[in-house]
Each structure stands twice: as C-alpha cells, then as structure tokens.
Amino acid sequence: MNIQESANSLEKIVALCKRRGFVYQSAEIYGGLNGVYDFGHLGSLIKSNLRQTWIESLQNPYGCVVMFEGALLGPEAVWKASGHVDHFSDPMVDCLNCKRRFRADDPDIAKGCPACGKKDSWTPVRQFNMMFKTEVGAAADGSSIAYLRPETAQSIFINFKNVLSTTRVKIPFGIAQIGKAFRNEITPKQFLFRMREFEQMEMEWFCKGEMALEYFEFWCAHRLNFYRMIGINMNNIRQRPHEKDELAHYSTCCTDVEYKFPFGWKEMEGIAHRGAFDLTQHSTHSGKDLSVFDEETKTSYIPTVVECSVGTDRTFLMVLFDAYDEDVVEGETRVVLRLAPRIAPIKAAILPLTKKQTEAAMCLYADIKKLGYQIEFDESGSIGKRYRRQDEIGTPVCFTYDFDSDNDGSVTARDRDTTKQERIGIDQVPAYIKKMLEK
Ligand code: ATP
C-alpha cells in the first residue's frame with residue numbers, strides 16, 4: 001500500500017467513526033483539542049468490550065490477577081522516584097521558519113518541515129518532557145506540584161504493599177489496571193494512534209527474580225490470545241524483541257506486539273522484564289520497605305516485575321482497521337465492519353419487514369433485551385438500507401420479522417459477513433446469539 005492509499009484508508013476509518021458516532025474530536029464546537037477525543041455510544045460499547053476481553057485474557061495457570069484503579073494525579077515525589085521527571089522526554093526540534101515543533105526522530109522531517117516545507121531549517125535537538133504538570137490546592141510552593149500520570153503502572157507499584165496485605169494473593173500474582181494516561185506528545189498523529197489523553201490496560205506481574213525470565217516468556221506467548229480473542233487476523237500481528245540498545249537500563253528484555261497498519265508495523269503492546277527496579281526505587285525514595293518475606297528461605301526480597309502494557313484506544317483503532325471492508329452486495333458497494341461478535345457494539349438488530357410487523361417484532365426485541373444483550377430495533381427505511389446500516393457498525397446478525405413470522409413462528413437470520421439468510425424459530429433467537437458470542 002502506498003502513502004496515498006494508507007492516507008485514504010485512515011480517512012475512511014475517521015469518516016466512519018464520525019458518521020456513526022464512534023468517536024468525536026474533543027471540544028469540536030470550539031475548534032477541537034489536538035490529540036484528544038471523545039467516544040460516542042458505539043465507541044464506548046466497543047471499548048467496554050475490549051476492556052472485558054482484556055481482563056479475561058489475563059487468566060493464567062500460575063497466579064491470581066487482581067484489579068486496581070489508581071488516581072490520575074500523583075505528587076512529584078512519585079515521578080522523581082520513577083525517573084519520569086528526569087527522563088520521560090522525547091527529542092524535539094522547532095522549524096526556524098514556521099516555529100512548529102516536531103519529534104527529532106520523526107522520519108518525515110528529513111524531507112523538510114511537514115508544516116511549511118522549508119528544508120534544513122531546524123533548531124538544535126533538545127529534550128521535551130511529556131508530562132502534564134499542575135499544582136494541587138491553593139499553596140503555590142514546591143510541595144503542591146503534581147503530575148497527570150503518563151502511565152498507569154506507577155500507582156500499582158506504590159500500592160504494592162496495600163494490595164498484598166489486603167487481598168489473599170501470594171507471589172506470583174498480577175495487579176491489573178485500566179485507566180487514563182496523559183502524555184504531551186509533540187506531534188499527536190494518525191487519529192487514535194498517538195493521543196495526548198489515552199487509556200492503558202496494564203498488568204504488573206510480581207514474581208521471584210529467578211523465575212522472571214520464564215514468566216516473561218510465558219506472558220509473551222500468552223498475550224497473543226488477546227489478539228485472537230478480539231478477532232484480529234494473526235497474519236497482521238508479530239512480536240518484535242527489543243535490541244539491547246533499545247532497552248531501559250533496568251530492563252533485561254522487552255518484546256513489542258506489533259500490528260501491520262497501512263502506515264507500517266506499529267507497537268500495540270509492550271511486554272517488559274523490568275527487574276526489581278520499580279519497587280526498589282519507591283522503597284528507597286519513600287523510605288518504606290516494599291520487600292516480601294519468603295517463608296521457604298526465611299529471607300526478604302524485592303519482587304521482580306514483568307509488565308504487559310497495551311493502549312485501549314490504539315487497540316480500538318487496530319480493531320477498526322482489521323475489520324473494515326468494502327464489498328459489493330446486490331450491485332451496491334457496502335461498508336462492512338467484520339468485527340468479532342464479542343467486540344461488536346450491537347450484537348443483533350430486530351427488523352420488522354413492514355410497519356404491520358412492528359408490534360410483534362417489538363415484543364421479540366423486548367424479550368431479547370431483557371437477557372442483557374445490546375441490541376437495536378430499526379423500522380425506518382427499506383430493509384436493504386437497514387441491513388447496510390447494521391453492516392457498517394459491525395452488527396453480526398439481523399433478525400427480520402416478516403409476513404410469514406406470525407404463522408410459522410420463525411424469523412430470518414441474516415448474516416453480516418456472508419449476507420446469507422436462514423429461517424430460525426423465534427424461540428431459537430436467544431440461543432443463536434449466545435452461540436455466536438461463544439465463538
Ligand atoms: P510509542 O513508542 O508508540 O510512543 P511507548 O513505547 O512510549 O509507545 P509505552 O510507554 O510502552 O508506549 O505504553 C504502552 C502502550 O500504551 C503502547 O504500546 C500503546 O499501545 C499505548 N500508548 C502509548 N502512548 C500512546 C499514545 N500517545 N496514544 C495512544 N496510545 C498510546
């Protein structure tokens with residue numbers, strides 16, 4: 001795919017998201033805020049399905065994974081200890097002509113300024129810290145400095161002892177968190193790929209140092225299940241172990257899960273062997289003992305951490321790219337999102353063929369809704385138009401209540417991907433949906 005095609009396909013995804021209310025530019029009526037987005041009904045439903053699947057994907061044979069939800073604001077001391085105040089920066093250059101800023105490692109800038117086109121007109125490279133700094137409370141002294149978290153992990157590390165002493169977990173175990181992170185990215189781009197406010201799903205796995213490499217390998221293999229569960233074509237997924245010079249100084253090994261976007265292979269998730277760095281740092285800086293006692297050896301040690309960290313919004317974008325398709329049905333081009341049923345925002349649509357069937361179809365709708373499924377009822381427009389509407393939001397099946405339904409107690413189940421129709425008993429509809437979601 002060339003650059004033009006890649007831009008076209010991104011444009012199509014953005015247009016679909018806007019048209020169907022998956023995603024909106026944040027503060028759009030005020031001109032928007034760059035790198036910040038809001039999610040509408042269908043977008044929120046997809047995200048919630050992704051979160052649920054991610055939690056399920058953490059099931060493993062070795063230990064519990066408990067949930068956690070930390071604060072978004074953290075005092076400066078946390079970010080000093082974690083190294084973010086001193087090191088969480090990207091190299092930046094300014095265009096001397098138009099004054100716009102870019103990442104110095106962005107390959108596009110070699111050709112000239114992406115904004116004004118001027119060549120070789122850059123300031124020297126300098127480091128730009130990506131954390132959002134703020135002050136908490138009314139006192140404007142150093143003690144009030146706080147930062148919006150640039151990753152969710154640190155709140156897990158600083159609560160490690162709280163979790164250990166209040167849950168019945170034993171090493172090895174994991175602490176998982178889904179929540180917002182904030183990075184003042186120099187150049188947010190590619191829609192949801194690089195945002196300034198985004199969501200992460202992170203799991204920190206605490207284990208003994210001598211077992212960490214084995215667990216690291218286990219998690220690298222195990223994490224691929226998540227991508228299978230959300231229905232990604234596995235030919236578009238690969239793992240890329242980091243080269244030695246890419247590793248943080250405390251990390252022994254790290255592997256990225258990458259997805260083949262039209263704009264290249266890109267990181268979706270980082271799986272990292274972080275050693276005992278994080279807990280050691282927080283132990284030293286806070287003066288609190290974060291070691292655990294080993295009953296077997298009767299000694300204390302600081303656990304080693306294996307981290308799995310994936311962005312929810314980036315996953316959302318990947319899911320849309322992977323599912324987006326256009327084909328010709330009955331001489332008309334349709335947009336179809338071939339989403340895995342468990343990720344689809346709407347699981348089924350109930351459609352009366354004509355207004356005469358509205359009442360009976362409404363009863364079926366109410367019965368299915370009671371079971372807790374997200375479903376839609378649609379009676380406006382031709383049946384073909386209604387199918388297309390559901391196709392482009394990824395609804396896996398439409399049940400059409402037609403002229404024969406009253407007599408034969410059946411509806412037509414129309415499959416999104418094949419457009420094939422089959423007749424099924426009305427009493428079979430719940431089982432049909434259940435089976436579809438188990439796939
Ligand atoms: P990148 O190299 O793309 O900036 P990173 O290596 O800095 O990513 P991590 O700090 O490892 O990313 O964060 C873990 C995950 O969080 C990433 O794999 C990605 O899915 C997500 N993520 C990170 N930064 C952003 C962002 N600005 N917008 C959306 N998602 C992000």
Side-chain angles (χ1 to χ4, degrees), residues 10 23 26 33-39 43 47 50-51 54 57 79 82-84 87-92 102-107 127-132 148-157 176-204 216 219-220 223-224 226-227 230 232 237-243 245-248 250-251 253-261 263-274 277-278 305-322:
L10 183 62
V23 182
S26 190
L33 184 59
N34 202 2
V36 183
Y37 294 91
D38 296 330
F39 288 78
K47 277 179 97 173
L50 289 173
R51 294 184 190 114
W54 181 76
S57 75
W79 309 108
S82 66
H84 284 84
H87 303 296
F88 196 63
S89 50
D90 271 344
M92 178 177 75
F102 299 92
R103 266 175 77 152
D105 54 3
D106 184 339
Q127 292 300 317
F128 174 75
N129 191 296
M130 291 197 290
M131 281 199 297
F132 287 98
L148 279 173
R149 61 185 187 184
E151 60 175 32
T152 64
Q154 297 305 323
S155 59
I156 294 181
F157 298 134
Q177 172 166 212
I178 299 175
K180 288 270 179 147
F182 303 82
R183 296 183 187 177
N184 199 1
E185 297 280 358
I186 299 166
T187 31
K189 56 176 174 178
Q190 276 128 358
F191 192 35
L192 306 178
F193 185 81
R194 189 166 303 286
M195 301 157 79
R196 288 186 168 134
E197 174 180 333
F198 58 99
E199 188 178 281
Q200 287 186 316
M201 303 188 280
E202 294 198 301
M203 194 270 301
E204 310 298 325
F216 170 77
W219 282 109
C220 283
R223 290 301 308 141
L224 292 176
F226 172 64
Y227 300 87
I230 61 175
I232 301 298
I237 292 284
R238 72 175 187 195
Q239 287 191 330
R240 189 185 67 83
H242 279 204
E243 303 291 337
D245 61 357
E246 285 179 273
L247 293 174
Y250 49 81
S251 178
C253 36
C254 182
T255 289
D256 286 346
V257 179
E258 295 187 335
Y259 178 75
K260 193 174 170 196
F261 284 98
F263 42 88
W265 284 98
K266 298 284 175 191
E267 172 183 336
M268 294 307 308
E269 172 164 4
I271 304 162
H273 180 321
R274 298 179 64 97
F277 175 76
D278 307 282
V305 168
V306 175
E307 173 183 84
C308 306
S309 172
V310 55
T312 317
D313 313 274
R314 208 176 268 190
T315 305
F316 182 101
L317 185 64
M318 166 183 69
V319 160
L320 292 190
F321 266 111
D322 214 64

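Whatever order the structure lists ligands and atoms in, that order sets their numbers, starting from 1. Scope of the values below: all heavy atoms of this structure, side chains included, with no hydrogens, waters or symmetry mates.
- For F198 and F182, the distance between ring centers is not under 6.0 angstrom.
- Taking the side chain to side chain donor-acceptor pair (under 3.5 Å) definition, one finds that K189 meets it with D106, sequence neighbours left out.
- Closest non-hydrogen pair, P150 versus Q200, comes out as O-OE1, 4.5 Å.
- The residue among F88, F198, F191 with a heavy atom at the shortest distance from atom 22 (N) of ligand 1 is F198.
- I232 is listed as a side-chain neighbour of M318, based on a closest heavy-atom distance under 4.5 Å.
- Residue contacts with ligand 1 for M268 involve N, CA, C or O but no side-chain atom from C-beta outward (heavy atoms, distance under 4.0 Å).
- The nearest protein atom to atom 16 (O) of ligand 1, hydrogens excluded, is given as Q200 NE2, 3.3 Å; this is a heavy-atom distance.
- Salt bridge D313/K47: present, at least one basic N to carboxylate O contact under 4.0 Å.
- Taking 4.0 Å as the cut-off between side-chain N and carboxylate O, K266 and E258 do not count as a salt-bridged pair.
- The contact set between ligand 1 and M195, taken as ligand atoms under 4.0 Å from a residue heavy atom, comprises 26 (C), 27 (N), 28 (N), 29 (C).
- Near E269, meaning under 4.0 Å from one of its heavy atoms, ligand 1 places the atoms 18 (O).
- When only interatomic distances are considered, the shortest N/O to N/O separation between R194 and ligand 1 falls below 3.5 Å.
- For a threshold of 3.5 Å applied to N or O pairs, the pair formed by V310 and ligand 1 contains no separation below that value.
- At a 4.0 Å cut-off, at least one heavy atom of R183 sits close enough to ligand 1 to count as contact.
- For atom 14 (C) of ligand 1, the nearest non-hydrogen atom of the protein is S309 OG, 3.0 Å.
- In terms of protein heavy-atom proximity, atom 29 (C) of ligand 1 is nearest to F193 O, 3.2 Å.
- Of all the listed residues (G35, G270, G311), G311 holds the heavy atom that lies closest to atom 21 (C) of ligand 1.
- Checked against a 6.0 Å centroid threshold, the rings of Y227 and Y259 do not count as neighbours.
- Looking at atom 11 (O) of ligand 1, its nearest protein heavy atom turns out to be E267 OE2, 3.4 Å.
- Of the polar atoms of L192, none of the N or O atoms is found under 3.5 Å from an N or O of ligand 1, judged by distance alone.
- Two residues are said to be in side-chain contact when any heavy atoms from C-beta on lie closer than 4.5 Å; L192 and F39 meet this criterion.
- Remark: R194 engages E185 in a salt bridge (Lys or Arg N to Asp or Glu O under 4.0 Å) (not counting sequence neighbours).
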